[in-house]
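First up is the structure itself, then whatever we jot down about it.
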Amino acid sequence: MALAAGSETQHKFPLFSLGVDVWYIVLDFLREEPDLNDDEDEYEEEDPDSDWKPKNIARRLPYLPDLINLSSTCTWFRHILAPSIFCNLELNNTAKSARSITAISQGRHASCVKTLRYIGICETNQQSSPLEEVYPPEVDQVLSNLHMFSSLDKLTIEFPFDYESDLLIDYLQSDIFQPEDAPSEESENTWRALMAASFRAIVSNYSDPSPNHRLPLSIEFRDLNIFMVSVFTTEVFQSFLSQLKTFNLSLRRWDNGAGWTMITQAIFRDFSHYLGPFFFNHLAAVEEFSFDPRETGTLGNGGQAYWEDIGLRNTTLPRLRKLTLNNIIICLELRDFLVRHKATLESITFQDCFASDEQPSVHNERIEWRELFTTLAQESFPRLTNFQVTWADSLLKLLDLNDRWADPMVVQRVREKLDRDPDARVFPYCEVDQKYGVRYYHGTVNQAAFLDGADYHSYVDLMAMVQQNSAHSRRLSNK
């Protein structure tokens with residue numbers, strides 16, 4: 001019996017289409033039922049930075065043990081399910097985890113592995129431990145030989161904090177982001193040494209790549225910590241970046257529990273100055289690029305409190321086709337970056353990006369949404385066939401119609417316009433708290449912009465160009 005892809009029979013078995021990962025960690029952790037009544041576990045599940053923890057993995061993949069059991073029943077099921085079971089693997093910085101990965105690489109299903117997620121964890125009580133305790137040789141062996149998986153497309157790298165809050169605050173408030181100090185810091189702190197050793201092993205794959213070895217050209221730095229790593233300044237790291245086709249970077253979200261966000265910390269503002277020189281300026285072959293500094297580290301000079309550049313001012317990516325930006329303040333730096341890439345860009349996505357509500361001045365590069373949309377339409381991006389602007393919050397929340405201090409007459413006009421034109425959109429403006437760095441919707445400004453309609457009309461004009469490009473592209477593909 002054989003199942004053709006997309007056949008009616010296959011649709012009767014939804015398990016076949018599930019994407020799964022971390023098959024071996026299940027054998028160690030997922031046999032134990034998570035205690036859903038545990039308040040701490042419920043908190044961790046809501047924390048977007050804790051999905052690497054074993055009990056949260058159990059909640060994300062409750063079907064995985066059954067899928068593995070099913071694949072063990074017969075050769076036919078094993079053949080059908082192996083590509084899903086082995087597609088996405090996870091490597092922790094333990095010898096046991098590394099041995100599991102090595103065993104898979106030597107097995108018959110090694111070619112099924114498409115993505116590898118590496119998570120380097122250093123506990124609070126390991127800060128002064130020998131490096132080998134948190135970075136055993138088995139882990140280095142895996143990270144230094146990524147070609148062991150012939151079909152590996154993507155590598156995700158992250159070093160999550162699981163520290164006491166006071167210790168993390170001390171790091172952020174007392175540290176100075178000085179590249180020349182990194183080697184000595186890494187020799188004194190095991191967590192920093194773990195990051196440096198891991199990055200050295202990864203980039204070593206790309207220093208003199210063999211044409212017979214396939215290496216992942218899609219790299220994600222997930223929740224990058226705001227600390228200097230000595231590898232970032234090396235030529236081998238720059239060479240590594242220059243070979244990538246896809247680069248995704250997100251920064252760690254953080255607040256101190258009392259309201260102050262990451263962007264208020266001096267070390268964050270120092271770090272943001274290096275985003276271009278250390279990372280973005282070396283992505284010579286990148287075709288797909290995404291960047292998310294998180295809502296606690298919004299970047300872009302709109303004149304708001306704690307403004308910092310995005311890191312794209314001096315960056316040119318000659319092959320850039322797809323761009324995704326999150327939590328960016330639209331500004332001249334962003335506009336100019338887009339215009340520099342008008343000949344190659346095919347897709348632009350803004351997620352939870354905002355315009356600043358500050359008044360224009362000589363000290364900022366604030367622009368309004370309509371200015372951005374009009375510029376893009378006038379510059380005529382010939383390949384742009386996808387343009388999206390989305391927010392996690394609803395239209396009603398962006399307009400803040402439940403604000404008790406809002407002008408009731410204005411609110412009534414907004415509601416009437418929503419009734420008349422349900423397709424009308426608002427492109428939000430925000431303010432950043434002068435003390436805490438927290439970003440808020442500016443309801444009054446958003447309501448006025450929605451009623452004015454200039455932002456929306458310029459967006460419609462831009463989308464007309466995008467749709468025309470799409471139609472032209474379809475005609476060419478049909479010839």
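All values derive from a computational prediction rather than experimental measurement. Nothing fancy with the numbering, it's 1 onward along the sequence.
- Taking the six-membered ring for Trp, Phe268 and Trp254 have ring centres at least 6.0 Å apart.
- Residue Phe221 forms a ring pair (Phe, Tyr, Trp, His ring centres under 6.0 Å) with just one option from Phe199, Phe232, Tyr118, and that option is Phe199.
- Atoms CG and CG, on Leu372 and Leu332 in that order, are 10.0 Å from each other to the nearest 0.5 Å.
- Using cut-offs of 30° and 60° for the angle between ring planes, the Phe427 and Tyr459 rings count as tilted.
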Output side-chain donor-acceptor pairs under 3.5 Å for residues 275-287, partner residues at least two apart or in another chain, one line each.
residue: Asn281; atom: OD1; partner: Thr315; partner atom: OG1; Å: 2.5
residue: Asn281; atom: ND2; partner: Gly276; partner atom: O; Å: 3.2
residue: His282; atom: NE2; partner: Pro277; partner atom: O; Å: 2.7
residue: Glu287; atom: OE1; partner: Arg321; partner atom: NE; Å: 3.2
residue: Glu287; atom: OE1; partner: Arg321; partner atom: NH2; Å: 3.4

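- No more than 12 heavy atoms of other residues, nucleotides or ligands shown are found within 6.0 angstrom of CD on Gln468.
- Other residues, nucleotides and ligands contribute over 12 non-hydrogen atoms within 6.0 Å of the NE2 atom of His273.
- Checked by atom type, the side-chain pair Asn469/Thr385 shows no donor-acceptor distance below 3.5 Å.
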Exercise. Go through the steps for Asp352 and Glu295 under the test side chain to side chain contact (heavy atoms under 4.5 Å, CB included), then give the verdict.
Key: CA-CA 8 Å; Asp352 290 318; Glu295 67 279 5; over 6 Å; no
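- Between Gln351 and Asn326, the shortest heavy-atom distance links the atoms OE1-ND2, 2.8 Å.
- Atom CG of Asp419 has more than 12 heavy atoms from other residues, nucleotides or ligands within 6.0 Å.
- No side-chain heavy atom of Thr264 sits under 4.5 Å from any side-chain heavy atom of Tyr436.
- Between the OG1 atom of Thr233 and the CD atom of Glu180 there is a distance of 9.5 Å, given to the nearest 0.5 Å.
- Take Lys154 and apply the side-chain hydrogen bond (donor to acceptor under 3.5 Å, both in side chains) test, not counting sequence neighbours, and it matches Glu220.
- Aromatic ring centres of Phe240 and Phe237 lie closer together than 6.0 Å.
- No side-chain donor-acceptor contact under 3.5 Å links Arg214 and Ser151.
- Taking the side-chain hydrogen bond (donor to acceptor under 3.5 Å, both in side chains) definition, one finds that Asn386 meets it with Ser347, Gln388, sequence neighbours left out.
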